[in-house]
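In what follows, a structure is listed as structure tokens, so that the remarks can point back to it.
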Amino acid sequence: MMKKKAAVLGSTGSVGTQVLDVCEKLGAEVVFIAAHSNIGLIAEQIKKYKPKYCAVTDINAANRLDNMISGETKLIKGYDEMCRAVYDLDCDVVFNAVSGKNGLFPTLSVIRSGKTLALANKESMVLAGPIVNAEAKKHNAAILPVDSEHCAIFQCLKGGKKSEVKRILLTASGGPFFGYTFDQLESVTLEQTMKHPTWNMGKKITVDSATLANKGLEIIEAMHLFDVPYDKIKVLIHRQSIVHSMVEYNDNSVIAQLAVPDMRHPGQYALTYPDRCEAVIDELDLTKYTLTFNEPDTNAFKMLALAKECAKAGGIMPCVYNAANEAAADMFLRKLIGFNDIYRICDKVLSKTENRALTDTEQIIEYDKRSRELAYSYKE
Ligand code: NDP
Ligand code: MG
């Protein structure tokens, strides 16, 4: 592989650390890292990767880090400053592995600078898919999906023409509560929720994988990444997380992408794209698995049903869904509410919201804030 220059935003997170590992193993140069406040790990990363720039968005943490580091790395303090620096940056690919709605503005900065965006932050697409796509087109910027399912779909779409696509089969592990009824879900604990069967991920997305809100967000993400309507995206529960998603063509031929469940594959694919190279991840031994597929149970996993409604409604509803879910997942992680309250709270927030056409990022921020506040106010 040609030696590439990469930037990693959200470098201290679950995806960010795995992307850094891929960069190291494949000999890419890490020129920029960014995170919010985990300065212990950031200091280690600066020492190890010697990036030209490091952005820390929490100002207090940034000031503390200033006293901890020496050397060539230039420290950038604050969120807006991070976005500006990313815009000005000279590199081949920017990984956005920031969590939550704060991923949106870095996404826009990368795209407006015409650089290639390797996107793990699904919220960018959920909140502002049409805006992100319009900007990407205008500035001729490529978006390479790093969410494992979307990276799979991206690869499967190379199997035919866009006009020949019948539907997308989006796989979901089903999480730790596969087979539970809504009543049984009522009493599940935080500890049970955090034990994901196949993936080791950040805390918030682990909760989303248990409620299937993650799959709901991924439907909306896929609609915008691949320009397909919501009713052409079908969710399939696939317990083994080996088939990362599929594309069905009009001749009923289904193209699938398989690999061991390891986020470093989508990271590697985006880093080396359009080429492939020797693997960072383990080889897949298919004799070790029995692959199964099931219909999702939307009566039990009502967050998936809610997401489908939001995907259909479009406008500001996906933003409201995401914000209410981020707040509710946060309350669940702090043991303030029960598992099914996540759904109840999101349902209430959505039913209190009148949909609007998407206009601009100011509107998104306003609805995001309002929906979060509403969600927190419903804490029992
Ligand atoms: P984590 O919570 O593990 O990490 C989040 C990262 O974002 C941390 O580096 C954090 O810094 C940083 N961060 C948070 N807020 C800001 C901010 N305002 N400005 C700059 N950096 C910030 O999350 P994950 O790695 O699990 O997820 C990241 C994204 O990738 C999410 O959108 C998620 O949905 C998506 N994703 C994750 C997958 C996974 O396997 N984990 C799989 C597919 C998609 P700090 O540590 O300093 O707080
Ligand atoms: Mg995913």
Side-chain angles (χ1 to χ4, degrees), residues 7-21 32-45 54-62 64-65 76-86 94-107 109 117-127 145-154 170-175 194 196 198-209 212-222 225 235 238 241 243-245 257 261-267 270 322 325-326 329-330 333:
V8 183
L9 315 181
S11 65
T12 54
S14 162
V15 175
T17 49
Q18 296 183 78
V19 168
L20 283 176
D21 184 50
F32 189 115
I33 58 173
H36 182 59
S37 63
N38 184 353
I39 51 175
L41 186 50
I42 298 169
E44 277 175 38
Q45 292 178 342
C54 167
V56 175
T57 54
D58 179 306
I59 302 279
N60 289 329
R64 272 182 283 136
L65 181 66
I76 293 152
K77 302 176 184 179
Y79 184 79
D80 293 344
E81 290 70 13
M82 169 185 75
C83 293
R84 204 168 306 134
V86 155
V94 181
F95 284 87
N96 183 354
V98 170
S99 52
K101 69 135 193 322
N102 289 322
L104 174 58
F105 291 97
T107 281
S109 289
L117 173 68
L119 186 63
N121 177 265
K122 61 191 79 183
E123 293 85 354
S124 300
M125 279 299 173
V126 171
L127 302 183
V146 177
D147 205 345
S148 57
E149 296 78 0
H150 303 75
C151 176
I153 296 163
F154 187 86
L170 183 69
T171 53
S173 74
M194 298 322 280
H196 195 275
T198 47
W199 293 98
N200 185 6
M201 309 176 285
K203 277 187 192 157
K204 191 263 177 183
I205 189 174
T206 303
V207 176
D208 289 354
S209 298
L212 294 199
N214 182 50
K215 214 44 58 180
L217 294 170
E218 289 185 355
I219 293 176
I220 303 168
E221 181 187 13
L225 278 173
V235 174
H238 167 53
S241 300
V243 176
H244 296 299
S245 277
Q257 188 261 333
D262 186 329
M263 281 304 292
R264 293 176 307 164
H265 168 68
N322 178 69
N325 178 54
E326 273 194 33
D330 170 55
L333 280 166

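Both ligands and their constituent atoms are indexed starting at 1 by order of listing.
- Looking at Leu65, Ile59, Asp58 one by one, the single match for side-chain contact (heavy atoms from CB on, under 4.5 Å) with Lys77 turns out to be Ile59.
- In this structure the side chain of Leu20 reaches within 4.5 angstrom of the side chain of Ile33, judged on heavy atoms.
- Distances between N or O atoms of His36 and those of ligand 1 include at least one value under 3.5 Å.
- Taking distance alone, with nitrogen or oxygen atoms compared against 3.5 Å, Ser14 approaches ligand 1 more closely than that limit.
- Distances between N or O atoms of Thr57 and those of ligand 1 include at least one value under 3.5 Å.
- Within 6.0 Å of NZ in Lys203 there are 12 or fewer heavy atoms belonging to other residues, nucleotides or ligands.
- Residue contacts with ligand 1: Ile42 is placed with no nitrogen or oxygen under 3.5 Å of a nitrogen or oxygen of the ligand (distance criterion only).
- At least one N or O atom of Gly10, backbone or side chain, sits closer than 3.5 Å to an N or O atom of ligand 1.
- Contact annotation for Asn121 and ligand 1: heavy atoms of both the backbone and the side chain come within less than 4.0 Å of the ligand.
- Looking at Ser241 and Trp199, their side chains come closer than 4.5 Å, going by heavy atoms from C-beta outward.
- With a 4.0 Å cut-off on non-hydrogen atoms, Val15 touches ligand 1 through its backbone as well as its side chain.
- When the Mg ion (ligand 2) is compared with the N/O/S atoms of Glu218, atom OE2 turns out nearest.
- Closest approach between the Mg ion (ligand 2) and any N/O/S atom of Asp147 involves OD1.
- Distances from ligand 1 to the non-hydrogen atoms of Ala34 include no value under 4.0 Å.
- Which parts of ligand 1 touch Met201 is read off a 4.0 Å heavy-atom cut-off, strictly below it: atoms 39 (C), 40 (O), 41 (N).
- Within Glu149, OE1 is the N, O or S atom that lies nearest to the Mg ion (ligand 2).
- Remark: ligand 1 and Asn38 share an N or O pair separated by less than 3.5 Å (distance only, no angle test).
- For ligand 1, the polar-atom distance check against Thr12 finds a nitrogen or oxygen pair separated by under 3.5 Å.
- Remark: ligand 1 atoms within the under-4.0 Å shell around heavy atoms of Gly202 are 3 (O), 26 (O), 41 (N).
- At under 3.5 Å, not a single nitrogen or oxygen of Gly16, backbone or side chain, sits near a nitrogen or oxygen of ligand 1.
- Contact between Ser11 and ligand 1 is present, with at least one heavy atom of the residue lying under 4.0 Å from the ligand.
- The side-chain heavy atoms of Ile153 and His244, taken from C-beta on, include no pair separated by under 4.5 Å.
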field: Stepwise side-chain contact (heavy atoms from CB on, under 4.5 Å) check, Ser124 with Leu119
entry: CA-CA 9 Å; Ser124 300; Leu119 186 63; 3.9 Å; yes
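- Residue Pro145 forms a side-chain contact (heavy atoms from CB on, under 4.5 Å) with just one option from His150, Lys122, Met125, and that option is His150.
- Near Ala120, meaning under 4.0 Å from one of its heavy atoms, ligand 1 places the atoms 30 (O), 32 (O), 35 (C), 36 (N), 44 (C).
- Distances between N or O atoms of Gly13 and those of ligand 1 include at least one value under 3.5 Å.
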